[in-house]
Number of protein chains: 2
Amino acid sequence: MATVSRVVNGNPNVKPITRKKVMNAIERLGYRPNAVARGLASKKTTTVGVIIPDISSLFFSELARGIEDIATMYKYNIILCNSDHRLEKELQLINTLLEKQVDGLLFMGAEVKEEHLQALATASIPTVLAATRDPESKLPSVTIDHFQAAYDATMALVKRGHRRIAMITAPMNYPLEGFVRFEGYKQALADSNIPFAEELVVNGTYRYDSGLDGMKQFLALENPPTAVFAASDEMAIGAIHAVQDAGKSVPGDVEVIGHDNIRLAEMVRPRLTTVVQPMYDIGAVAMRLLTKYMNKEQVEDHIVLLQHRIENRESTSFLDEEDE
Amino acid sequence: MATVSRVVNGNPNVKPITRKKVMNAIERLGYRPNAVARGLASKKTTTVGVIIPDISSLFFSELARGIEDIATMYKYNIILCNSDHRLEKELQLINTLLEKQVDGLLFMGAEVKEEHLQALATASIPTVLAATRDPESKLPSVTIDHFQAAYDATMALVKRGHRRIAMITAPMNYPLEGFVRFEGYKQALADSNIPFAEELVVNGTYRYDSGLDGMKQFLALENPPTAVFAASDEMAIGAIHAVQDAGKSVPGDVEVIGHDNIRLAEMVRPRLTTVVQPMYDIGAVAMRLLTKYMNKEQVEDHIVLLQHRIENRESTSFLDEEDE
DNA sequence: CCCAACGTTGCAACCGTTTTCTCTAGCTAT
DNA sequence: ATAGCTAGAGAAAACGGTTGCAACGTTGGG
């Protein structure tokens with residue numbers, strides 16, 4: 001048994017001849033090692049827990065794919081759990097995953113609270129945040145610079161000469177995606193000497209409908225915006241349709257810029273100009289980072305910021321490179 | 001220890017007083033049961049393996065959500081693996097999941113071959129196919145009637161008076177989604193005395209681009225189709241855009257019907273008429289079925305066919321109810 | 001030629017539960 | 001009062017591996 005274990009695990013202290021004999025026996029008997037027993041004995045399960053708000057969302061499923069690809073590369077499996085952004089479910093999932101002795105944890109969710117940190121502290125397994133951060137940056141995380149991204153998006157509209165720039169925000173109780181992006185928007189306005197106008201902001205839910213409704217609300221204004229920055233692509237597309245439904249054109253009458261660059265952005269007309277957030281890469285890098293922690297490798301940067309950029313498509317007007 | 005086990009598992013052979021004492025101790029010591037050890041001893045892991053072609057696809061991520069919701073409901077966790085439709089990877093994943101001692105397996109993939117059945121036979125754990133079937137229907141499965149769905153979609157176009165009806169198929173090496181749907185299309189033509197025309201069929205890849213390209217090809221015909229049935233919504237949307245890019249209108253010049261009803265179908269203009277395949281339900285029902293097998297409950301129907309229907313939106317012309 | 005060192009193998013303890021079986025104490029029935 | 005039960009709790013044997021350590025046979029150097 002011990003020798004079989006060594007063979008299976010590639011331990012070098014086995015004579016090649018013995019190794020071959022064992023291999024043959026394994027083949028002949030159809031022996032399949034029991035990962036659970038192995039996990040108990042070795043205290044390693046080669047499994048990581050992934051807590052994700054909603055796998056059916058275009059954003060998170062892309063992220064999950066990045067996670068899974070890298071996990072596979074490093075021979076880990078993934079236990080995937082949907083949290084629906086509900087705190088209580090998140091905490092319960094952390095607990096369940098710890099019970100299952102996962103080697104590491106990947107957490108996605110809008111907000112990381114003290115409760116999360118406490119729950120995680122009850123076991124000392126490596127945890128990485130993907131597409132989110134905790135307030136005090138205690139946990140390693142992989143994100144983009146949301147403030148800068150929103151700032152850049154707004155600025156892109158300013159550069160096109162707009163003064164009436166609206167924003168459809170993400171839910172404002174999401175610190176990073178809601179609040180910080182909104183701050184970026186405001187800062188860009190301030191830096192451009194454009195007065196902030198309350199009526200040019202609506203709070204969205206991330207969903208298509210809220211973009212549609214938000215834009216309708218803007219269009220009903222006596223002095224409607226000429227450009228809109230939406231905090232998600234779905235909302236941006238909703239906004240475009242609201243404009244079109246009103247008999248106006250994008251980008252002719254209103255220019256629209258979205259956020260994330262989900263695949264959808266290329267599959268609508270006009271195609272959507274958007275802030276590209278590298279979802280796949282965030283997942284992949286987060287998982288890679290996690291493997292380092294699980295291997296107890298030294299890590300230089302706990303907080304990694306990935307690059308964002310603006311992909312110009314037809315929902316905004318053409319702008320000469322030099323103007324940017 | 002034995003008593004603790006009984007308390008944790010809700011075994012009734014424990015005096016209430018003892019139970020309370022144990023509970024207190026658990027609380028006080030922050031004891032967390034080790035699911036791996038439990039799995040070894042009980043031979044149950046409360047984990048099921050899910051093999052899915054690509055979680056980042058709109059179709060499968062919706063399905064996965066259905067699976068996960070029901071799994072959670074029955075206290076199972078999910079190990080999720082992407083196969084990319086690659087046979088070798090599928091087989092390897094089956095093996096890995098069996099090593100991990102999953103209690104059941106949920107398989108998605110275009111084709112189920114003899115190799116799959118053999119790999120599964122090496123361990124006798126319940127397996128359910130979701131959105132696919134094996135040729136001899138040996139394994140339990142949850143799908144819709146693909147032949148009928150394609151037939152209905154084509155007929156819907158026939159009823160609108162079309163005689164030049166094109167089809168953009170799914171990959172033809174996918175038996176169910178490719179071949180069977182194509183058969184449904186042909187049968188509908190035959191039943192309507194419409195001659196089958198080779199040039200009105202292109203093989204798609206499921207992707208947006210292949211719909212776009214396929215439609216371009218049709219439009220270049222000297223006698224182009226007046227209606228198109230695409231085997232996926234993405235391709236249908238691609239087709240619509242090809243029509244629009246050619247300066248024609250949908251549904252004015254060409255009517256388009258898609259397949260699946262992914263969320264995207266409602267987020268384009270014109271909104272897409274499509275065959276709704278209840279992805280979430282397929283996942284949910286498949287998982288529910290699997291729980292029955294895992295509990296060794298008696299199951300009446302191994303093969304379950306879910307209902308499909310056609311959702312009429314603006315990519316097809318209005319048709320009086322009575323005509324249908 | 002002998003002994004030390006090394007490479008290889010097997011033994012046995014251990015991982016943290018579940019589960020069966022045994023044992024004890026307290027009851028009931030006679 | 002005593003035999004017979006029963007409920008509850010503990011002891012111990014799995015579960016199927018990993019791993020430290022002892023034992024063993026070789027080999028090479030002195």
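The residues Asp103(A) and Lys43(A) are annotated as not salt-bridged, no charged nitrogen and carboxylate oxygen being separated by less than 4.0 angstrom. Comment: Glu234(A) engages Arg263(B) in a salt bridge, judged by a side-chain N to carboxylate O separation of less than 4.0 angstrom. Salt bridge Arg38(B)/Glu99(A): absent, no basic N to carboxylate O contact under 4.0 Å.
Note: CG (Asn11(A)) to P (dT18(D)) measures 10 Å, nearest angstrom. Atom NZ of Lys100(A) and atom P of dT17(C) are 15 Å apart (whole Å). Distance, Lys44(B) NZ to dA14(D) P: 20 Å, rounded to whole Å. Separating the NZ atom of Lys43(A) from the P atom of dC14(C) is a distance of 13 Å, rounded to the nearest angstrom.
Relative orientation of the His302(A) and Tyr293(A) rings is perpendicular, given thresholds of 30° and 60° on the angle between their planes. Taking the six-membered ring for Trp and thresholds of 30 and 60 degrees, His85(A) and Phe60(A) have ring planes more than 60 degrees apart, a perpendicular arrangement.
Side-chain polar atoms of Asn77(A) and Thr47(A) form no donor-acceptor pair below 3.5 angstrom. Side-chain atoms of Thr72(B) and Lys89(A) include no donor-acceptor pair closer than 3.5 Å.
Annotation: proximity of residues 25-38 of chain B to DNA chain C (heavy atom, distance under 4.0 Å) is found for Tyr31(B), Arg32(B), Pro33(B), Asn34(B), Ala37(B), Arg38(B), numbered in ascending order.
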Sequence-aligned protein contact record of nucleotides 4-12 of chain D, with B where the base is within under 4.0 Å of a protein heavy atom and S where only the sugar-phosphate is = ----SBBB-
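Of the candidates Thr132(B), Ile282(B), Val50(B), Asp54(B), Val50(B) is the only one forming a side chain to side chain contact (heavy atoms under 4.5 Å, CB included) with Met108(B).
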